[in-house]
Asks: 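Would you mind keeping the following structure in view while I ask a few things?
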Amino acid sequence: MVGSALGDAIGELAFRCPEKQGLLALVDRIEKLVYTDDTAMAIGLAESILQKKGIDPQHLGDIFSRNFFREPWRGYASGPPTIFSLVHHRGASYVEAARSLFGGIGSLGNGAAMRVAPVGLFFHHSEHLYEMASASAEVTHAHPVGKDGAAVQAWAIAQAVRLAPEKEFPLERFLQGLMAFAQTSEIREKMKLVKTLINEEVPPKIAADQVGRSVAVDESMPFAVYSFLRYPKSFEDCLFSAILNGGDRDTLGAMACAISGAYLGVETIPSPWRRKLENRGTIENLASSLAEI
(Lines give C-alpha, C1' and ligand atoms only; values in the text may rest on other atoms or scores of the structure.)
Protein backbone atom coordinates (compact mmCIF):
# COMPACT_ATOMS: atom_id res chain seq x y z
CA MET A 1 0.00 0.00 0.00
CA VAL A 2 2.91 2.34 0.65
CA GLY A 3 4.36 1.44 -2.74
CA SER A 4 1.04 2.14 -4.41
CA ALA A 5 0.63 5.50 -2.66
CA LEU A 6 4.14 6.58 -3.67
CA GLY A 7 3.55 5.44 -7.24
CA ASP A 8 0.40 7.54 -7.22
CA ALA A 9 2.01 10.64 -5.69
CA ILE A 10 5.19 10.57 -7.79
CA GLY A 11 3.19 9.64 -10.88
CA GLU A 12 1.07 12.75 -10.35
CA LEU A 13 4.26 14.85 -10.26
CA ALA A 14 5.34 13.23 -13.53
CA PHE A 15 2.56 15.12 -15.31
CA ARG A 16 4.48 18.27 -14.43
CA CYS A 17 7.96 16.82 -14.93
CA PRO A 18 7.91 13.84 -17.33
CA GLU A 19 11.69 13.41 -17.53
CA LYS A 20 13.53 11.21 -15.03
CA GLN A 21 16.27 13.49 -13.74
CA GLY A 22 13.98 16.47 -13.46
CA LEU A 23 11.37 14.37 -11.68
CA LEU A 24 13.95 13.05 -9.21
CA ALA A 25 15.07 16.61 -8.50
CA LEU A 26 11.46 17.67 -7.94
CA VAL A 27 10.81 14.75 -5.58
CA ASP A 28 13.99 15.68 -3.70
CA ARG A 29 12.90 19.32 -3.31
CA ILE A 30 9.30 18.75 -2.39
CA GLU A 31 8.37 18.57 1.30
CA LYS A 32 5.39 16.23 1.05
CA LEU A 33 4.38 13.63 -1.53
CA VAL A 34 0.64 14.17 -1.86
CA TYR A 35 -1.49 11.34 -3.20
CA THR A 36 -4.59 11.54 -5.38
CA ASP A 37 -8.02 9.90 -5.36
CA ASP A 38 -6.29 6.60 -6.24
CA THR A 39 -4.84 6.30 -2.75
CA ALA A 40 -7.76 8.03 -1.04
CA MET A 41 -10.03 5.28 -2.36
CA ALA A 42 -7.54 2.55 -1.43
CA ILE A 43 -7.57 3.90 2.12
CA GLY A 44 -11.37 3.84 2.10
CA LEU A 45 -11.39 0.27 0.81
CA ALA A 46 -8.96 -0.79 3.55
CA GLU A 47 -11.09 0.92 6.20
CA SER A 48 -14.24 -0.82 5.00
CA ILE A 49 -12.59 -4.26 4.80
CA LEU A 50 -11.29 -3.94 8.34
CA GLN A 51 -14.62 -2.78 9.73
CA LYS A 52 -16.66 -5.45 7.93
CA LYS A 53 -14.00 -8.20 7.79
CA GLY A 54 -14.70 -8.47 4.10
CA ILE A 55 -16.45 -6.67 1.24
CA ASP A 56 -19.79 -5.04 2.01
CA PRO A 57 -20.68 -3.00 -1.11
CA GLN A 58 -23.10 -0.61 0.57
CA HIS A 59 -20.75 0.07 3.47
CA LEU A 60 -17.86 0.49 1.04
CA GLY A 61 -19.84 2.97 -1.02
CA ASP A 62 -20.69 4.94 2.12
CA ILE A 63 -16.98 5.13 3.02
CA PHE A 64 -16.07 6.23 -0.50
CA SER A 65 -18.80 8.87 -0.45
CA ARG A 66 -17.78 10.17 2.99
CA ASN A 67 -14.14 10.44 1.97
CA PHE A 68 -15.00 12.15 -1.30
CA PHE A 69 -17.02 14.88 0.37
CA ARG A 70 -14.25 15.41 2.92
CA GLU A 71 -11.61 15.81 0.19
CA PRO A 72 -13.25 16.42 -3.21
CA TRP A 73 -10.06 18.06 -4.48
CA ARG A 74 -8.13 14.76 -4.72
CA GLY A 75 -8.71 14.51 -8.48
CA TYR A 76 -11.73 12.24 -8.77
CA ALA A 77 -13.10 11.46 -12.22
CA SER A 78 -16.77 12.15 -12.88
CA GLY A 79 -17.99 8.61 -12.17
CA PRO A 80 -17.81 8.34 -8.37
CA PRO A 81 -19.48 11.69 -7.56
CA THR A 82 -22.21 10.89 -10.10
CA ILE A 83 -22.82 7.59 -8.31
CA PHE A 84 -22.83 9.26 -4.90
CA SER A 85 -25.40 11.77 -6.16
CA LEU A 86 -27.65 9.02 -7.56
CA VAL A 87 -27.54 7.17 -4.26
CA HIS A 88 -28.30 10.29 -2.27
CA HIS A 89 -31.08 11.73 -4.44
CA ARG A 90 -32.74 8.59 -5.84
CA GLY A 91 -32.16 6.06 -3.08
CA ALA A 92 -30.39 3.61 -5.38
CA SER A 93 -27.75 1.25 -4.07
CA TYR A 94 -24.18 1.99 -5.09
CA VAL A 95 -24.06 -1.06 -7.33
CA GLU A 96 -27.33 -0.07 -9.05
CA ALA A 97 -26.05 3.46 -9.56
CA ALA A 98 -22.75 2.19 -10.96
CA ARG A 99 -24.57 -0.09 -13.39
CA SER A 100 -26.57 2.85 -14.72
CA LEU A 101 -23.50 4.70 -16.00
CA PHE A 102 -22.46 4.80 -19.66
CA GLY A 103 -25.84 3.85 -21.01
CA GLY A 104 -26.36 1.03 -18.56
CA ILE A 105 -23.15 -0.91 -19.17
CA GLY A 106 -21.12 0.59 -16.34
CA SER A 107 -17.57 1.88 -16.29
CA LEU A 108 -14.59 -0.10 -17.58
CA GLY A 109 -12.12 2.49 -16.30
CA ASN A 110 -9.12 1.72 -14.13
CA GLY A 111 -10.56 3.25 -10.95
CA ALA A 112 -11.31 -0.10 -9.34
CA ALA A 113 -7.89 -1.56 -10.19
CA MET A 114 -5.99 1.47 -8.93
CA ARG A 115 -7.39 1.04 -5.39
CA VAL A 116 -7.53 -2.75 -5.11
CA ALA A 117 -4.30 -3.32 -3.15
CA PRO A 118 -6.16 -3.86 0.17
CA VAL A 119 -8.16 -6.69 -1.44
CA GLY A 120 -5.03 -8.39 -2.74
CA LEU A 121 -3.46 -8.11 0.69
CA PHE A 122 -6.42 -9.19 2.84
CA PHE A 123 -7.51 -12.05 0.56
CA HIS A 124 -4.08 -13.16 -0.66
CA HIS A 125 -4.70 -16.75 0.50
CA SER A 126 -8.41 -16.85 -0.31
CA GLU A 127 -9.97 -18.98 -3.02
CA HIS A 128 -12.60 -16.23 -3.28
CA LEU A 129 -10.17 -13.51 -4.35
CA TYR A 130 -11.85 -12.98 -7.73
CA GLU A 131 -15.31 -12.60 -6.22
CA MET A 132 -14.06 -10.24 -3.53
CA ALA A 133 -12.14 -8.06 -5.97
CA SER A 134 -15.13 -7.98 -8.31
CA ALA A 135 -17.44 -7.01 -5.45
CA SER A 136 -15.10 -4.21 -4.42
CA ALA A 137 -15.04 -2.97 -8.02
CA GLU A 138 -18.74 -2.95 -8.87
CA VAL A 139 -19.51 -0.25 -6.34
CA THR A 140 -18.19 2.16 -8.98
CA HIS A 141 -17.12 0.02 -11.97
CA ALA A 142 -19.87 -2.37 -13.03
CA HIS A 143 -18.68 -3.25 -16.54
CA PRO A 144 -17.29 -6.81 -16.74
CA VAL A 145 -13.95 -5.52 -18.03
CA GLY A 146 -13.74 -2.98 -15.19
CA LYS A 147 -14.30 -5.74 -12.65
CA ASP A 148 -12.01 -8.21 -14.40
CA GLY A 149 -9.17 -5.72 -14.58
CA ALA A 150 -9.44 -5.04 -10.86
CA ALA A 151 -9.50 -8.77 -10.11
CA VAL A 152 -6.39 -9.51 -12.18
CA GLN A 153 -4.58 -6.62 -10.52
CA ALA A 154 -5.61 -8.01 -7.12
CA TRP A 155 -4.30 -11.45 -8.14
CA ALA A 156 -0.94 -9.96 -9.09
CA ILE A 157 -0.69 -8.23 -5.70
CA ALA A 158 -1.79 -11.37 -3.83
CA GLN A 159 0.80 -13.47 -5.60
CA ALA A 160 3.49 -10.87 -5.00
CA VAL A 161 2.75 -10.90 -1.26
CA ARG A 162 3.29 -14.66 -1.19
CA LEU A 163 6.57 -14.73 -3.11
CA ALA A 164 10.03 -14.52 -1.52
CA PRO A 165 12.00 -11.70 -3.17
CA GLU A 166 15.36 -13.27 -2.27
CA LYS A 167 14.57 -16.17 -4.61
CA GLU A 168 14.45 -16.13 -8.40
CA PHE A 169 11.24 -14.55 -9.65
CA PRO A 170 8.93 -17.21 -11.17
CA LEU A 171 8.24 -15.24 -14.34
CA GLU A 172 6.64 -17.92 -16.49
CA ARG A 173 4.37 -19.15 -13.70
CA PHE A 174 3.31 -15.59 -12.92
CA LEU A 175 2.51 -14.86 -16.56
CA GLN A 176 0.50 -18.05 -16.93
CA GLY A 177 -1.39 -17.24 -13.74
CA LEU A 178 -2.36 -13.79 -15.01
CA MET A 179 -3.82 -15.23 -18.20
CA ALA A 180 -5.65 -18.00 -16.37
CA PHE A 181 -7.18 -15.67 -13.78
CA ALA A 182 -8.71 -13.26 -16.31
CA GLN A 183 -12.32 -13.92 -17.21
CA THR A 184 -12.88 -11.47 -20.07
CA SER A 185 -11.31 -11.77 -23.50
CA GLU A 186 -10.18 -8.14 -23.36
CA ILE A 187 -8.04 -8.61 -20.25
CA ARG A 188 -6.90 -12.14 -21.19
CA GLU A 189 -5.64 -11.00 -24.60
CA LYS A 190 -3.75 -8.12 -23.04
CA MET A 191 -2.12 -10.50 -20.56
CA LYS A 192 -1.03 -12.64 -23.51
CA LEU A 193 0.43 -9.53 -25.12
CA VAL A 194 2.27 -8.66 -21.90
CA LYS A 195 3.73 -12.17 -21.89
CA THR A 196 5.03 -11.69 -25.44
CA LEU A 197 6.47 -8.26 -24.69
CA ILE A 198 8.26 -9.49 -21.58
CA ASN A 199 9.63 -12.62 -23.21
CA GLU A 200 10.86 -10.62 -26.20
CA GLU A 201 12.34 -7.94 -23.91
CA VAL A 202 10.47 -5.14 -25.65
CA PRO A 203 11.46 -1.80 -24.03
CA PRO A 204 8.88 0.18 -22.03
CA LYS A 205 8.26 2.97 -24.54
CA ILE A 206 7.37 0.52 -27.30
CA ALA A 207 5.44 -1.72 -24.91
CA ALA A 208 3.34 1.23 -23.76
CA ASP A 209 2.44 2.03 -27.35
CA GLN A 210 1.32 -1.55 -27.94
CA VAL A 211 -0.48 -2.26 -24.66
CA GLY A 212 -2.04 1.15 -24.11
CA ARG A 213 -1.96 3.59 -21.19
CA SER A 214 -5.36 5.29 -21.12
CA VAL A 215 -7.91 5.41 -18.28
CA ALA A 216 -9.57 2.23 -19.59
CA VAL A 217 -8.46 -0.65 -17.39
CA ASP A 218 -7.56 -2.89 -20.32
CA GLU A 219 -5.33 -0.09 -21.64
CA SER A 220 -3.51 0.72 -18.39
CA MET A 221 -3.46 -2.14 -15.89
CA PRO A 222 -1.64 -4.41 -18.38
CA PHE A 223 1.14 -1.84 -18.81
CA ALA A 224 1.43 -1.51 -15.02
CA VAL A 225 1.83 -5.29 -14.82
CA TYR A 226 4.37 -5.16 -17.65
CA SER A 227 6.38 -2.51 -15.74
CA PHE A 228 6.56 -4.74 -12.68
CA LEU A 229 7.50 -7.84 -14.68
CA ARG A 230 10.10 -5.90 -16.66
CA TYR A 231 11.78 -4.80 -13.41
CA PRO A 232 10.66 -7.17 -10.63
CA LYS A 233 13.77 -6.59 -8.52
CA SER A 234 13.77 -2.77 -8.59
CA PHE A 235 11.01 -0.60 -7.15
CA GLU A 236 12.48 2.53 -8.75
CA ASP A 237 12.85 1.05 -12.24
CA CYS A 238 9.31 -0.33 -12.07
CA LEU A 239 8.02 3.09 -11.04
CA PHE A 240 9.80 4.98 -13.80
CA SER A 241 8.70 2.49 -16.44
CA ALA A 242 5.09 2.96 -15.36
CA ILE A 243 5.00 6.75 -15.10
CA LEU A 244 7.49 8.09 -17.67
CA ASN A 245 5.90 6.69 -20.81
CA GLY A 246 2.81 8.86 -21.01
CA GLY A 247 -0.81 8.12 -20.28
CA ASP A 248 -2.58 7.99 -16.92
CA ARG A 249 0.67 8.41 -15.00
CA ASP A 250 -0.51 8.51 -11.38
CA THR A 251 -2.76 5.47 -11.76
CA LEU A 252 -0.14 3.54 -13.70
CA GLY A 253 2.28 4.28 -10.86
CA ALA A 254 -0.23 3.25 -8.22
CA MET A 255 -0.95 -0.09 -9.89
CA ALA A 256 2.62 -1.02 -10.84
CA CYS A 257 4.07 -0.02 -7.48
CA ALA A 258 1.35 -1.82 -5.55
CA ILE A 259 2.67 -5.07 -7.04
CA SER A 260 6.30 -4.07 -6.65
CA GLY A 261 5.83 -3.01 -3.04
CA ALA A 262 3.96 -6.21 -2.25
CA TYR A 263 6.79 -8.29 -3.71
CA LEU A 264 9.89 -6.41 -2.55
CA GLY A 265 8.64 -5.10 0.79
CA VAL A 266 8.49 -1.62 2.24
CA GLU A 267 12.14 -1.53 3.27
CA THR A 268 13.26 -1.63 -0.38
CA ILE A 269 11.44 1.63 -1.12
CA PRO A 270 13.78 4.64 -0.81
CA SER A 271 13.44 5.91 2.74
CA PRO A 272 13.46 9.63 1.77
CA TRP A 273 10.39 8.96 -0.35
CA ARG A 274 8.66 7.05 2.42
CA ARG A 275 9.33 9.82 4.94
CA LYS A 276 7.70 12.37 2.66
CA LEU A 277 4.58 10.34 1.89
CA GLU A 278 1.42 12.04 3.05
CA ASN A 279 -0.47 10.11 5.73
CA ARG A 280 2.18 7.38 5.78
CA GLY A 281 1.41 6.27 9.33
CA THR A 282 -2.25 5.69 8.54
CA ILE A 283 -1.42 3.78 5.36
CA GLU A 284 1.12 1.58 7.10
CA ASN A 285 -1.23 0.86 10.02
CA LEU A 286 -4.04 -0.12 7.66
CA ALA A 287 -1.72 -2.39 5.69
CA SER A 288 -0.41 -4.06 8.84
CA SER A 289 -3.94 -4.62 10.11
CA LEU A 290 -5.03 -6.16 6.80
CA ALA A 291 -2.03 -8.49 6.79
CA GLU A 292 -2.55 -9.62 10.39
CA ILE A 293 -6.21 -10.65 10.21
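Here, residue 1 is the first one in the sequence, and each next residue gets the next number.
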Asks: Suppose we screen for side chain to side chain contact (heavy atoms under 4.5 Å, CB included). Which residues come up paired with E200, at least two apart in sequence or across chains?
Replies: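 Once residues adjacent in sequence are excluded, the partners of E200 under the side chain to side chain contact (heavy atoms under 4.5 Å, CB included) criterion are T196, V202.
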
Asks: Sequence neighbours excluded, which residues qualify as ring-ring contact (aromatic ring centres under 6.0 Å, His included) partners of F240?
Replies: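 Testing F240 for ring-ring contact (aromatic ring centres under 6.0 Å, His included), a comparison that skips the adjacent residues, returns none.
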
Asks: Say whether D250 and Y35, considering side chains only, have a donor N or O and an acceptor N or O under 3.5 Å apart.
Replies: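 Side-chain D/A pair, D250 to Y35: absent.
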
Asks: Pick out which of V194, L197, L193 makes a side chain to side chain contact (heavy atoms under 4.5 Å, CB included) with P222.
Replies: V194

Asks: With the side chain counted from C-beta on, respond yes when S260 and L239 share a heavy-atom pair under 4.5 Å apart, and no when they do not.
Replies: no

Asks: Check the surroundings of atom NZ in K32: do more than 12 heavy atoms from other residues, nucleotides or ligands lie under 6.0 Å from it?
Replies: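 No - once you tally the heavy atoms of other residues, nucleotides and ligands closer than 6.0 Å, there are 12 at most.
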
Asks: Can you tell me how far the CD1 atom of I283 sits from the CG atom of L277, to the nearest 0.5 Å?
Replies: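 Going from the CD1 atom of I283 to the CG atom of L277 covers 4.5 Å.
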
Asks: Tell me, do F223 and K190 make a side-chain contact under 4.5 Å, heavy atoms counted?
Replies: no

Asks: Output all residues satisfying ring-ring contact (aromatic ring centres under 6.0 Å, His included) with F169, sequence neighbours left out; order by chain, then residue number.
Replies: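 So F169 forms a ring-ring contact (aromatic ring centres under 6.0 Å, His included) with F174, F228, Y263.
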
Asks: Between K195 and E172, does any NZ, NE, NH1 or NH2 come within less than 4.0 Å of an OD or OE carboxylate oxygen?
Replies: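 Result for this pair is yes, salt bridge flagged.
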
Asks: Please round to the nearest 0.5 Å and tell me the distance separating atom CD of Q153 and atom CZ of R115.
Replies: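 The CZ atom of R115 is 12.5 Å from CD of Q153, to the nearest 0.5 Å.
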
Asks: Does atom CD of E166 have more than 12 heavy-atom neighbours, drawn from other residues, nucleotides or ligands, at distances under 6.0 Å?
Replies: yes

Asks: Does R16 have any side chain to side chain contact (heavy atoms under 4.5 Å, CB included) partners at least two apart in sequence or in another chain, and if so, which?
Replies: L13, L26

Asks: If you measure from the Lys or Arg side-chain nitrogens to the Asp or Glu carboxylate oxygens, is any gap between E96 and R99 under 4.0 Å?
Replies: no

Asks: Scan the side chains in residues 180-188 for donor-acceptor partners under 3.5 Å anywhere in the protein, sequence neighbours excluded, and list what turns up.
Replies:
from : atom 1 : to   : atom 2 : distance (Å)
T184 : OG1    : D148 : OD2    : 2.6
T184 : OG1    : I187 : N      : 3.4
R188 : NH2    : A182 : O      : 3.2

Asks: Using every non-hydrogen atom in the two residues, find where N245 and P204 come nearest and quote the distance to one decimal.
Replies: ND2-CB, 3.6 Å

Asks: Measure the acute angle between the ring planes of F68 and F84, then classify it against the limits of 30° and 60° as parallel, tilted or perpendicular.
Replies: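 Aromatic pair F68/F84 classed tilted.
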
Asks: Would you name the heavy atoms of R66 and E47 that are closest together and state the gap between them?
Replies: NH2-OE1, 3.0 Å

Asks: I'd like to check I55 versus H59 (side-chain heavy atoms, cut-off strictly below 4.5 Å). Are they in contact?
Replies: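 No, side chains not in contact.
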
Asks: Test of understanding: with ring-ring contact (aromatic ring centres under 6.0 Å, His included), list the residues that count as partners of Y231, not counting sequence neighbours.
Replies: none

Asks: Examine the side chains of S100 and R90 and answer whether a donor and an acceptor come within less than 3.5 Å of each other.
Replies: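 No donor-acceptor contact under 3.5 Å links the two side chains.
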
